[in-house]
Student: 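Below you will find the structure I want to go over with you.
Atoms within a ligand are numbered from 1 in the order they appear, just like the ligands themselves. Here the structure is a predicted model, which is why all the values come from computation and not from measurement. Just the heavy atoms: all of them, side chains too, but no hydrogens, waters or symmetry mates, feed the values below. In what follows, residues are counted from 1 in the order of the sequence shown.
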Amino acid sequence: MQSVTNSPKVALHEPSFTGNELAYVKECIDTGWVSSVGGYVDRFERELAEYTGARHAVVVSNGTSGLQVALQLVGVKPGEEVLIPALSFVATANAVSHCGAYPHFVDSEATTLGLDVAALSDYLDRVAESVGDVCINKRTGRRIAAVVPMHTFGHPVDMPALVELAARHRIALVEDAAESLGSWIGDRHTGRFGRCGMLSFNGNKIVTTGGGGAIITDDDALAKRAKHLTTTAKVPHAWEFFHDEVAYNYRMPNLNAALGCAQLERLGGFLGSKRKLTELYAQAFSDLPQVRLFAERQGTRANYWLQTLMLAPEVADQRDAILKATNAAGQMTRPVWNLLTTLPMYMACESMPTPVAQDLARRIINLPSSPHLTGAL
Ligand SMILES: Cc1ncc(COP(=O)(O)O)c(C=O)c1O
């Protein structure tokens, strides 16, 4: 990737393919098993389940499609609302929209960069009411069907508190764990606190399949439905083409799963290298009081997917100058996403006040984070 004309000298996040990637992909090509079924698909699902501790992993075409299907499977219906952080990548909101549902935005918490569970609890006490088993937004009259926390740059949200809150309001919990493969709360992997979680293997993620995703769950029936819905709802048969509902072709090709298997073998190395990089950056910035490297919370283990520099409030107005200077010098740095509440298709959606998310959005700079930067890989 670094050879592309005009690409920066130090990229934000580059994949590393120096393990078995080529051998496994070549095997797919040599045997002809390049498409929607194959041994690597089964193996990648098995190994993802083993690594995360989930009973099941169902691999899919990408994280966005996985989140859409996950939301449908926990019962999100068109016209309902789904609580998501205002500070997230656009795909979190798009997956909600693809279900015909409406995102309803939640503020962030400064120590996790994710959804603020305490603020959400106070907010729901004000704006929502229980009607039987259903949580209703009193303003819109719509059901609040689900909540989707997202583990920003691999830093886990306070999931035990959110599990309790979601149960109290009878709201389904689905995790957007796109960025957090390798991030844990205690001995539980992110993505395993709700009914199901989604992982992404996009090219910029800690483990990549080129493009791809997975739904992880302990729920046998949900996993079976996820496989069925994402593979055109074909009823298994040696030659008959019988499909029993309108469904999706969201399958992950064997070629991509082969890449995933080889990458997963190297996840431990990637995680170690990213942790080392965090230490190196923290040291490098230690005598600059106006900046701080964002660190994992006690009791959690972050994957440090993207290294995150927090500017002190008094230098937040320098953010764009820093971005400009570093990129001009060949170091690819990036701001965090524009808040989803500011995007044209989402600005009219329901939202709680988002002062913390707005503040964080002004102060975050992501630094080059490729695992090879420490020289260990
Ligand atoms: C927070 C978040 N959610 C969802 C996605 C969507 O994943 P994908 O690109 O695999 O569709 C991504 C990454 O791309 C992401 O960072």
Student: Do the ring centers of Phe201 and Phe44 come within less than 6.0 Å of each other?
Tutor: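 Yes, close enough.
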Student: For Tyr346 and Leu339, indicate whether the former's side chain and the latter's backbone hold a donor-acceptor pair under 3.5 Å.
Tutor: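 No; zero donor-acceptor contacts below 3.5 Å.
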Student: Using a strict cut-off of 4.0 Å, indicate which atoms of ligand 1 neighbour a heavy atom of Met150.
Tutor: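 Going through ligand 1 atom by atom, the ones under 4.0 Å from Met150 are 1 (C).
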Student: Against heavy atoms of Ala91, which atoms of ligand 1 measure under 4.0 Å?
Tutor: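 Answer, ordered by atom number: 4 (C), 5 (C), 6 (C).
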Student: So is there a nitrogen or oxygen of Trp337 less than 3.5 Å from a nitrogen or oxygen in ligand 1?
Tutor: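 No: no nitrogen or oxygen of Trp337 is under 3.5 Å from one in ligand 1.
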Student: Please check whether Asp176 reaches ligand 1 - meaning an N/O of the residue sits under 3.5 Å from an N/O of the ligand, judged on distance alone.
Tutor: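 N/O-N/O distance below 3.5 Å exists for this pair.
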Student: For Gly197, does its backbone N or O pair with a side-chain atom of Glu175 as donor and acceptor, under 3.5 Å?
Tutor: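 A pair under 3.5 Å: no.
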Student: Taking Thr112 for the side chain and Gly114 for the main chain, is one N or O donor matched with an acceptor at less than 3.5 Å?
Tutor: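 Side chain of Thr112 to backbone of Gly114: a pair is present.
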Student: Do Glu279 and Gln283 have side-chain N/O donor and acceptor atoms under 3.5 Å apart?
Tutor: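 Distance-only check fails for Glu279 and Gln283.
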Student: Would you mind listing which atoms of ligand 1 come within a distance below 4.0 Å of any non-hydrogen atom of Gly212?
Tutor: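 So the answer, numbered in order with elements, is 10 (O).
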Student: If the cut-off is 4.0 Å to any non-hydrogen atom of Met198, which atoms of ligand 1 fall inside it?
Tutor: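 By the 4.0 Å cutoff, the relevant atoms are 4 (C).
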Student: Can you name the atoms of ligand 1, numbered from 1 with element, that are less than 4.0 Å from a heavy atom of Ala178?
Tutor: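 Per the distance check, 2 (C), 3 (N), 4 (C), 5 (C), 12 (C), 15 (C).
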Student: Give the residue, atom name and distance (to 0.1 Å) of the protein heavy atom nearest atom 7 (O) of ligand 1.
Tutor: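 Ranked first by proximity to atom 7 (O) of ligand 1 is Ser200 OG, 3.4 Å.
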Student: Could you tell me whether Trp305 and ligand 1 have an N or O pair separated by under 3.5 Å?
Tutor: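 The answer is no, given that Trp305 and ligand 1 share no N or O pair closer than 3.5 Å.
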Student: Which protein heavy atom lies closest to atom 11 (O) of ligand 1, and at what distance to 0.1 Å?
Tutor: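 Atom 11 (O) of ligand 1 sits closest to the protein heavy atom Thr64 OG1, 2.5 Å.
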Student: Do His104 and Glu81 pair up side chain to side chain, a donor and an acceptor below 3.5 Å, judged on atom types alone?
Tutor: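 Yes, side-chain donor-acceptor contact under 3.5 Å.
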Student: Looking only at side-chain N and O atoms, does Asn62 offer a donor or acceptor that is under 3.5 Å from a partner on Ser65?
Tutor: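 Yes, side-chain donor-acceptor contact under 3.5 Å.
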Student: For atom 14 (O) of ligand 1, what is the nearest protein heavy atom, given as residue, atom name and distance?
Tutor: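 Here the closest protein heavy atom is Lys205 NZ, 3.0 Å.
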Student: Please verify the inter-ring angle class for Trp337 with Phe89; under 30° counts as parallel, over 60° as perpendicular, anything in between as tilted.
Tutor: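 Geometry flag for Phe89 against Trp337: tilted rings.
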Student: Any idea which protein heavy atom is nearest atom 16 (O) of ligand 1, and the distance to it?
Tutor: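 Protein heavy atom at minimum distance: Glu179 OE2, 2.6 Å.
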Student: Any idea which atoms of ligand 1 are less than 4.0 Å away from a heavy-atom of Thr92?
Tutor: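 Listed by number with element: 3 (N).
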Student: Look at Glu296 together with Lys274 and state whether they make a salt bridge at an N to O cut-off of under 4.0 Å.
Tutor: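 Lys274 and Glu296: not salt-bridged.
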